[in-house]
Amino acid sequence: MAKSFTTRVIGDSSMGYIHCCGALHKTRTYRLVPEDNFMLCELDYLLKCPVCGHTVVQLTRVDNNDNISIVRKVNKKAKEFIKKLKNFILYEVRPIDYSKRSYGRFYLNYNEFGVKKRCYSNLRTLKIGLTENRDLKINP
């Protein structure tokens, strides 16, 4: 009997949106435990619409035949709906932030043949601490 493992991706690239008041608003997205006939259950939660102030909850489910069903609740019914589904939440889907840079503004100052230089990127080609010596094979 083979074991099946499911992978859990917390940093998903998709961002949840709900259409309210003629615009798309960013939401908090949660993955739910799928029911018997469904492959994927996702809950989008908009705490307060910036235009009308409504609380909106939208449950999107995909079944085994790739049919999509959507349940949408607003205001008081939305708050009751989210309380009812709180026990079935697996994790929150957070989008990947591509704006973060993996490099800093640090430059490596080094000395080559008595001349102070600044290295910007290529650290492999550095000749740090070299002094002029005619016997070395590195010198031309």
Engineer: Would you say the side chain of His25 lies within less than 4.5 Å of the side chain of Tyr17, judging by non-hydrogen atoms?
Structural biologist: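 The answer is no, as the side chains (C-beta and beyond) never meet within the 4.5 Å cut-off.
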Engineer: Is it true that a side-chain atom of Thr27 and a backbone atom of Gly16 form a donor plus acceptor pair closer than 3.5 Å?
Structural biologist: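 Yes, Thr27 side chain to Gly16 backbone: donor-acceptor pair under 3.5 Å.
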Engineer: Which ILVMFWY residues are connected to Ile18, directly or by a chain of links, through side-chain heavy atoms under 4.5 Å apart?
Structural biologist: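 Members other than Ile18 - counting any ILVMFWY side chain reachable under 4.5 Å - are Leu46, Val56.
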Engineer: Given the rule that I, L, V, M, F, W and Y join up when any side-chain heavy atoms are under 4.5 Å apart, are Ile70 and Leu24 in one cluster?
Structural biologist: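 No; Leu24 is not reachable from Ile70 via cluster members.
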Engineer: My understanding is that only residues two or more places apart in sequence, or in another chain, count here; which of them pass salt bridge (Lys or Arg N to Asp or Glu O under 4.0 Å) with Arg28?
Structural biologist: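 Applying salt bridge (Lys or Arg N to Asp or Glu O under 4.0 Å) to Arg28 gives Glu92.
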Engineer: Starting at NE2 of His19, measure out to CZ of Arg72 and round the result to the nearest 0.5 Å.
Structural biologist: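 If I round to the nearest 0.5 Å, the distance is 8.5 Å.
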Engineer: Using a 4.5 Å cut-off on heavy atoms from C-beta on, say whether the side chain of Leu40 contacts that of Arg31.
Structural biologist: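 In contact.
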Engineer: Residues sharing Leu32's hydrophobic cluster, by side-chain heavy-atom contacts under 4.5 Å among ILVMFWY, directly or via others?
Structural biologist: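 Result for Leu32 is Tyr30, Leu43, Tyr45, Leu47, Val57, Leu59, Val71, Phe81, Ile82, Leu85, Phe88, Ile89.
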Engineer: Just so I know, are the side chains of Glu42 and Gln58 near enough to count as touching, which here means a heavy-atom distance under 4.5 Å?
Structural biologist: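 Glu42 does not reach Gln58 side chain to side chain.
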Engineer: Give the minimum heavy-atom separation between Cys41 and Pro34, together with the two atoms involved.
Structural biologist: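 Minimum heavy-atom contact is SG-CA, 3.8 Å.
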Engineer: If you round to the nearest 0.5 Å, how far is CG of Asp36 from CG of Asn64?
Structural biologist: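 Those atoms lie 10.0 Å apart.
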Engineer: Whether the side chain of Asn75 engages the backbone of Thr55 through a donor-acceptor N/O pair (distance < 3.5 Å, no angle test) should be reported.
Structural biologist: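 Present.
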Engineer: Quick one: does Asp63's side chain have a donor or acceptor within less than 3.5 Å of a partner on Asn65's backbone?
Structural biologist: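 Yes; at least one donor-acceptor contact below 3.5 Å.
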Engineer: Test Arg61 against Met39 for side chain to side chain contact (heavy atoms under 4.5 Å, CB included), laying out the working first.
Structural biologist: CA-CA 8 Å; Arg61 299 179 294 185; Met39 294 186 324; over 6 Å; no
